[in-house]
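First comes the structure, then the notes that go with it.
Computation of the quantities below employed the complete heavy-atom set of this structure, encompassing side-chain atoms and omitting hydrogens, waters and symmetry-equivalent molecules. Throughout, protein chains are lettered first and strands after them, A, B, ... in sequence-line order, and every chain is numbered starting at 1.
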There are 2 protein chains.
Amino acid sequence: MPPTTSHNAPDSVPTRRELNKAATRQAITDSALGLLRIQGPGNFTVEDIADAAGISRRTFFNYFASTEAALAAVTFGFLDTALRQFRLRPAGEPILESARAALVELADPMTVAPMAELYSLGKTNPQLSRSELEAWDHCTEQIIDAARERFAPATDTGAAAVVGVDELYLRALAGSIISCGKAALDVWFARCGGDLSPESLAALRQLLIDSMTLLGSGFAGTASPSTPFPDRH
Amino acid sequence: MPPTTSHNAPDSVPTRRELNKAATRQAITDSALGLLRIQGPGNFTVEDIADAAGISRRTFFNYFASTEAALAAVTFGFLDTALRQFRLRPAGEPILESARAALVELADPMTVAPMAELYSLGKTNPQLSRSELEAWDHCTEQIIDAARERFAPATDTGAAAVVGVDELYLRALAGSIISCGKAALDVWFARCGGDLSPESLAALRQLLIDSMTLLGSGFAGTASPSTPFPDRH
DNA sequence: GTGCATCTTTGCACTGTGAGCAAGTTTCTG
DNA sequence: CAGAAACTTGCTCACAGTGCAAAGATGCAC
């Protein structure tokens with residue numbers, strides 16, 4: 001195998017083909033998002049996207065299986081960023097702490113903006129929501145993998161890794177982390193409606209931290225003991 | 001409101017029309033599941049289902065929007081059972097305890113069998129998985145509602161209920177509960193492959209309990225401190 | 001039971017999706 | 001430059017999903 005690549009090589013030799021593909025891919029998602037903005041969800045076809053992106057309908061399907069898949073790529077990007085952050089954390093750190101740190105990193109405008117837009121636009125469209133769910137689920141699986149690697153670091157055989165550490169622990173924890181992250185986003189959207197001002201993002205960050213704290217405390221103390229939610233400003 | 005009914009009245013006067021509709025609906029899901037068994041996922045069309053159910057293609061779409069939706073009805077039924085159990089729990093009880101109790105109730109053959117079958121058959125098919133995800137998400141929303149009612153019991157205005165108790169707490173908790181339940185199911189399938197024997201179901205019950213315990217403890221103590229998973233002799 | 005209102009099924013037509021295939025075009029490699 | 005490999009595109013086809021209007025079933029009142 002080529003030395004520098006893990007699964008694709010955008011680093012060392014961004015060959016022409018790869019650049020073209022990346023550009024096309026980008027053009028597609030951009031066009032899709034643009035149409036979503038202008039026409040609203042469900043009011044445009046694959047052909048419209050293809051035209052806007054300057055490619056044929058058939059080529060669109062070489063990249064994505066559906067309009068929703070094209071749009072979900074945005075969410076995937078968002079969650080991949082989160083995962084990258086997570087994997088960067090020191091291995092000794094408690095998982096919840098790593099998750100907290102990774103999530104907080106996300107609350108910056110560049111990362112959150114496309115996600116936020118898609119989220120609010122997709123609120124009304126069931127097709128879109130389904131793709132979003134899929135993206136989150138995919139992310140959960142990857143967190144499970146990442147967490148599993150922490151506990152079974154250098155297992156060459158891989159046999160032990162399959163059910164080595166308590167699989168229930170891994171899956172339950174990873175799922176809960178994602179759920180709490182999603183909960184924080186939901187509440188944020190409900191309160192701030194995708195506003196990207198610094199104060200709003202600070203609120204998001206706080207919500208993410210709070211949700212991880214709740215998880216870490218086992219949801220002790222019933223809801224809203226005294227502070228319904230922290231007063232910001 | 002009528003005394004015996006919650007949202008539709010199948011109890012008191014099961015009129016002919018309702019019976020017919022219910023029968024048709026059942027025939028559709030049965031046929032769909034049958035075809036899924038025989039032909040495998042993705043290898044049959046809506047027309048096939050309609051033929052098997054003795055109705056027209058058009059009528060199928062009067063009941064379900066897609067093959068997946070018809071199959072997801074099974075999962076919906078499963079999760080509705082869970083929700084019903086949850087709502088039956090005393091209001092004073094801690095939510096996690098209610099969830100644990102409700103989930104354990106599910107681990108009986110009649111309830112779990114169709115779900116288990118669909119789960120294993122759907123493992124390979126992305127379309128199906130998406131519908132399943134949707135069903136779980138729907139269930140999460142309903143748990144949130146149910147939990148919210150507990151904390152804001154007799155609010156006539158309903159205004160406070162919208163963001164009354166800490167919405168983050170509710171959503172994070174409900175999402176985590178569902179995630180943990182799903183994790184338990186995942187592990188169970190991985191270990192027992194949908195086996196419905198009493199021992200297997202006992203294992204499922206234990207996994208559900210364990211996952212709720214993990215959640216309640218805030219996932220304290222890293223994975224598999226000494227007991228990878230409790231030995232059930 | 002007759003008649004009427006209402007709900008349900010069905011056939012038909014039409015747009016859009018998604019994939020296979022084979023011929024073109026671009027990029028890579030020696 | 002020549003051949004291989006990858007990518008694009010147009011064509012075609014089966015199938016999904018929906019609107020519409022006619023036909024059938026059911027419920028209700030008289």
Do [X] and [Y] have side-chain atoms, one donor and one acceptor, less than 3.5 Å apart?
X: B:Ser200; Y: B:Ser197; value: no
X: A:Ser179; Y: B:Ser179; value: yes
X: B:Arg58; Y: B:Asn62; value: yes

Between [N] atom [atom2] and [X] atom [atom1], what is the distance in whole Å?
X: A:Gln127; N: D:dT18; atom1: CD; atom2: C1'; result: 13 Å
X: B:Phe64; N: D:dA16; atom1: CZ; atom2: C1'; result: 16 Å
X: A:Leu19; N: D:dC7; atom1: CG; atom2: C1'; result: 14 Å
X: A:Asn62; N: D:dA6; atom1: CG; atom2: C1'; result: 11 Å

The answer to which of B:Thr67 and A:Thr59 contacts DNA chain D further toward the 5' end, by nearest nucleotide, is A:Thr59

### Task
In sequence, state the C-alpha distance, the side-chain angles, and the governing distance for B:Thr67 and B:Leu35, and then conclude on side chain to side chain contact (heavy atoms under 4.5 Å, CB included).
CA-CA 11 Å; B:Thr67 15; B:Leu35 284 169; over 6 Å; no

Establish, yes or no, whether the cationic atom of B:Arg150 lies under 6.0 Å from the six-membered ring centre of B:Phe86 and within 45° of the ring axis.
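Ring-cation test returns yes.
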
Bend of the helix from C:dG1-D:dC30 to C:dG30-D:dC1 from end-axis comparison, five pairs per end, nearest 10°, comes to 30°

Under a 4.0 Å heavy-atom cutoff, the residues of residues 23-57 of chain B touching DNA chain D are B:Thr45, B:Val46, B:Arg57

Assert: residue with more 5' nearest nucleotide on DNA chain C, out of B:Tyr63 and A:Glu68, is B:Tyr63

Considering just the side-chain nitrogens and oxygens of A:Ser66, establish if one lies under 4.0 Å of OP1 or OP2 belonging to C:dT17.
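Looking at the OP1 and OP2 atoms of C:dT17, neither is under 4.0 Å from any side-chain N or O of A:Ser66.
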
*Verify the contact: side-chain N or O of B:Asn20 to OP1 or OP2 of D:dT26, cut-off strictly under 4.0 Å; return yes or no.*
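Affirmative; the distance criterion is met.
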
Within the modelled atom types, does a donor on one side and an acceptor on the other bring the side chain of A:Arg58 and the base of C:dG20 under 3.5 Å apart? yes

Query raised in the report: Which of parallel (below 30°), tilted (30 to 60°) and perpendicular (above 60°) describes B:Phe78 and B:Trp136?
Result: perpendicular

query: What's the closest nucleotide to the B:Phe61 side chain, out of D:dG17, C:dC28, D:dT9?
result: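 Nearest listed nucleotide: D:dG17.
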
B:Arg17 side chain, from C-beta outward: closest of C:dC12, D:dT8, C:dT6
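The answer is C:dT6.
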
Exercise for review: Check for a donor-acceptor pair, side chain of A:Thr75 on one end and backbone N or O of A:Leu71 on the other, with a separation under 3.5 Å.
Suggested key: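 Side chain of A:Thr75 to backbone of A:Leu71, a donor-acceptor pair under 3.5 Å: no, none is there.
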
So does A:Asp48 get a backbone contact from the side chain of A:Asp51, meaning a donor-acceptor N/O pair under 3.5 Å?
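No; judged by distance alone, with no hydrogens or angles, the pair does not exist.
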
Checklist line | Sidechain N-carboxylate O distance under 4.0 Å for A:Arg100, A:Glu105 | finding: no

